[in-house]
Structures are given as C-alpha cells and as structure tokens.
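Both backbone and side-chain heavy atoms feed into the values below; hydrogens, waters and symmetry mates do not. Atoms within a ligand are numbered from 1 in the order they appear, just like the ligands themselves. Please read all numbers here as calculations on a predicted model, not as lab measurements.
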Amino acid sequence: MSAGPRRPLILVGPSGVGKTTIADALVRRRPDLFALSVSATTRRPRAGERPGREYTFVSRTAFETMIEDGHLAEWAEVHGEYYGTPAENLEGLSGDGPVPVLDIDVQGAAQIMERGTGAFVIFILPPGPAKWIDRLAGRGTESPRAIARRLKTALEELRAAPSFEHFVVNADLDRTVERVQALAAGRSGRLPQASEVAVLCRGLEAGARSEIRRLDGAPKEKE
Ligand code: ADP
Ligand code: 5GP
C-alpha cells in the first residue's frame with residue numbers, strides 16, 4: 001500500500017461548486033492522507049464558524065503584517081477582504097503525515113503553482129447551471145443583489161477553467177470525493193476532456209448570465 005499523496009492538493013472552481021464540502025468530506029474520510037489548510041482572512045466569521053477551524057480571522061493590519069513578513073504562501077483580495085494561505089501550511093511534506101487540502105481562489109492557486117510547490121490542482125465544476133445556481137444561493141440568507149454579486153465573481157472564476165488540467169464534475173458527492181482522492185493518488189480513470197469542459201462551461205455561463213439578469217431585474221438581451 002502506498003504512503004499516499006505527498007503533494008498539496010488545491011481545489012479551485014467558481015463559488016458554489018462544492019469545494020468546501022468536498023474538502024471536508026475528503027478529510028473526514030481519510031484523515032491519514034488529508035488535512036485542511038486553514039487560511040487567514042479579514043472577513044468576519046459567519047454564524048457557526050469558529051476561529052481557527054474554518055479560518056484564522058485577523059484584522060487588516062495583522063494581515064498586511066503577515067504579507068510584509070513573508071508569512072503567506074499566497075494571498076488574494078476577494079469581495080474586498082483579504083484571504084491567504086500561511087506558508088507553514090505547506091511545510092513538512094517530507095514526512096508521513098497528511099497533505100494539506102487548500103480551498104482557495106484561482107488567483108491564489110496560480111501563485112502557489114508559480115512557487116513550484118508541486119501542488120496538484122483540480123478544477124471543480126458543477127453538473128449544470130440549475131444545480132449550480134441552487135447551490136450558490138443555497139444558504140437562503142443572502143439578498144438577490146448579494147447572490148448576483150457572487151455569481152458575477154463566480155463567472156470570472158469559471159473563465160479561468162481552460163488554464164487548468166484536471167477537472168472533476170461534482171454531481172454526486174461520494175463519487176466526486178472518490179474521484180478527487182483517486183486523482184490525487186495518481187489514478188486518473190475517466191476524466192472530462194477539454195472539449196466536454198468547454199461545452200459545460202458555455203452552458204454554465206449562459207445560465208449564470210440569465211440568472212444575473214433576472215436578479216438584477218434588467219431587461220433580457222436580444223439573442
Ligand atoms: P464552495 O466552497 O465551492 O463555494 P460549498 O462547498 O459551500 O461550495 O457548497 C455550496 C452548497 O452546495 C452547499 O450547500 C453544499 O452542501 C452543496 N453541495 C456541495 N456539493 C454537493 C453535491 N454533490 N450535491 C448536492 N449539494 C452539494
Ligand atoms: P468565503 O468567504 O466564502 O469562505 O470564501 C470566499 C473565496 O475565498 C472562495 O473562493 C475561497 O476559495 C477563497 N479563499 C479562501 N481562502 C483563501 C486563501 O487562503 N487564499 C485565496 N487566494 N483564496 C481563498
């Protein structure tokens with residue numbers, strides 16, 4: 001039996017595709033192989049979030065000091081708040097312990113890839129526009145304006161898809177977790193091809209645009 005993957009695993013993809021859910025499930029299933037990388041952020045904790053579990057919550061000044069002192073492996077500003085991966089989360093990979101799983105945005109993933117950490121990056125896609133929008137709006141606590149804003153950012157992230165190599169479509173969660181685990185361990189199986197990803201992305205983009213127009217109350221564009 002192999003000692004398991006030794007490369008940090010990065011899950012990227014537009015908001016609402018299920019990255020956090022997949023990362024949590026992966027760690028619950030194989031705590032010997034995977035551990036969550038806890039990021040630092042300046043955003044406020046949401047109800048139910050605990051400092052140090054979902055994020056380390058810090059002030060803007062503290063975050064800027066972390067940047068200046070080189071304590072972050074990558075960082076990005078998302079919706080006006082800072083998010084970053086502490087460099088120490090990517091250290092100590094030569095031993096037998098679990099590898100870190102990072103749920104970060106595409107800007108952060110690009111920075112980590114440039115640093116040559118050997119990270120394995122998987123772009124997660126939703127199975128279709130309707131399910132994606134349902135999941136994205138799922139908390140039910142956000143205003144139509146806030147959901148439209150999340151969708152606009154998500155569209156930007158979706159546009160980055162062609163620059164990635166490995167894709168998993170998150171339809172059934174258990175199957176997704178199995179695929180992610182197999183990919184990270186170097187077993188690829190049947191993966192979506194670039195042409196299939198392009199078709200899916202076009203459908204997702206069209207669905208998201210139409211939902212944004214509906215949420216913004218704007219008149220429909222001519223086809
Ligand atoms: P992200 O981290 O990519 O923004 P989340 O992990 O927060 O996405 O998931 C968004 C919503 O979708 C959550 O309510 C989650 O429970 C739900 N979800 C994630 N994966 C699946 C799946 N395979 N089937 C059904 N619902 C899912
Ligand atoms: P949320 O506020 O919903 O938890 O996260 C907002 C966005 O920030 C998500 O796209 C998430 O992947 C991203 N994010 C979370 N932590 C980090 C991080 O450490 N670095 C970067 N670059 N993005 C992050």
K.L.:
Mind checking whether Gly84 has an N or O less than 3.5 Å away from an N or O of ligand 2?
P.N.:
yes
K.L.:
Consider every N or O of Arg150 and every N or O of ligand 1, then say whether any pair is closer than 3.5 Å.
P.N.:
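Arg150 vs ligand 1: no N/O contact under 3.5 Å.
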K.L.:
Below a 4.0 angstrom heavy-atom separation, can you tell me which part of Arg150, side chain or backbone, both or neither, approaches ligand 2?
P.N.:
neither
K.L.:
Where do Asn170 and Gly18 come nearest, in terms of heavy atoms and distance?
P.N.:
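Smallest interatomic distance, heavy atoms only, reads ND2-CA, 3.8 Å.
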K.L.:
Among Gly13, Ala171, Gly16, Gly18, whose heavy atom sits nearest atom 23 (N) of ligand 1?
P.N.:
Ala171
K.L.:
Applying a heavy-atom cut-off of 4.0 Å, say which part of Glu54 lies close to ligand 2: side chain, backbone, both or neither.
P.N.:
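Neither; nothing of Glu54 gets under 4.0 Å from ligand 2.
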K.L.:
So is Gln111 in contact with ligand 2, going by heavy-atom distances below 4.0 Å?
P.N.:
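The answer is no: ligand 2 sits nowhere under 4.0 Å from a heavy atom of Gln111.
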K.L.:
Less than 3.5 Å between some nitrogen or oxygen of Lys19 and one of ligand 2, yes or no?
P.N.:
no
K.L.:
Could you tell me whether Glu157 and Lys19 have a side-chain N and a carboxylate O separated by less than 4.0 Å?
P.N.:
no
K.L.:
List ligand 2 atoms under 4.0 Å from Ala76, heavy atoms only on the residue side.
P.N.:
22 (N)
K.L.:
So is Thr176 in contact with ligand 1, going by heavy-atom distances below 4.0 Å?
P.N.:
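Heavy atoms of Thr176 never come under 4.0 Å of ligand 1.
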K.L.:
With the threshold set at 4.0 Å, does a side-chain nitrogen-carboxylate oxygen contact exist between Glu156 and Arg159?
P.N.:
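Salt bridge flag = yes for Arg159 with Glu156.
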K.L.:
Cluster question for you: counting only ILVMFWY and a side-chain heavy-atom cut-off of under 4.5 Å, with indirect links fine, are Tyr83 and Ile112 together?
P.N.:
no
K.L.:
Apply salt bridge (Lys or Arg N to Asp or Glu O under 4.0 Å) to residues Arg202 and Glu205 and explain how you reach the verdict.
P.N.:
CA-CA 5 Å; Arg202 277 202 294 277; Glu205 192 169 336; over 6 Å; no
K.L.:
Can you measure from CZ (Phe34) to CG (Leu9) and round to the nearest 0.5 angstrom?
P.N.:
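Between Phe34 CZ and Leu9 CG, I get 6.0 Å after rounding to 0.5 Å.
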K.L.:
Just go through Glu157, Lys131, Arg135 and tell me whose heavy atom is the nearest to atom 26 (N) of ligand 1.
P.N.:
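Going through Glu157, Lys131, Arg135 one by one, Arg135 has the nearest heavy atom to atom 26 (N) of ligand 1.
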K.L.:
Is Phe167 linked to Leu173 within one hydrophobic cluster, defined over Ile, Leu, Val, Met, Phe, Trp and Tyr using a side-chain heavy-atom separation of less than 4.5 Å?
P.N.:
yes
K.L.:
I want to check a possible cation-pi pair here: Arg60 against Tyr82, using under 6.0 Å from ring centre and within 45° of the ring axis as the test.
P.N.:
yes
K.L.:
Identify the two heavy atoms, one from Ala171 and one from Thr176, that lie closest to each other, and give their separation to 0.1 Å.
P.N.:
N-OG1, 3.8 Å
K.L.:
Taking only heavy atoms of Gly108, which atoms of ligand 2 are found under 4.0 Å from at least one of them?
P.N.:
22 (N)
K.L.:
If you measure from each heavy atom of Glu74 to ligand 2, is any distance below 4.0 Å?
P.N.:
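A heavy atom of Glu74 does come that close to ligand 2.
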K.L.:
Could you report the tightest heavy-atom contact between Arg53 and Gly48, atom names first, then the distance?
P.N.:
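Minimum heavy-atom separation between Arg53 and Gly48: NH2-O, 2.7 Å.
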K.L.:
Please work out, at 4.0 Å between heavy atoms, whether the side chain, the backbone, both, or neither of Arg43 comes within that distance of ligand 2.
P.N.:
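Only the side chain of Arg43 comes within reach of ligand 2.
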K.L.:
Compute the minimum heavy-atom distance from Ser15 to ligand 2 and say whether it is under 4.0 Å.
P.N.:
no
K.L.:
Could you tell me whether some N/O pair between Asp172 and ligand 1 is separated by less than 3.5 angstrom?
P.N.:
no
K.L.:
Any idea which atoms of ligand 1 are less than 4.0 Å away from a heavy-atom of Leu173?
P.N.:
23 (N)
K.L.:
Would one find an N or O of Trp75, backbone or side chain, under 3.5 Å from an N or O of ligand 2?
P.N.:
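Such a contact does not occur with ligand 2.
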K.L.:
With a 4.0 Å cut-off, would you call Arg29 and Glu178 a salt bridge?
P.N.:
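Salt bridge between Arg29 and Glu178, a charged N being under 4.0 Å from a carboxylate O: yes.
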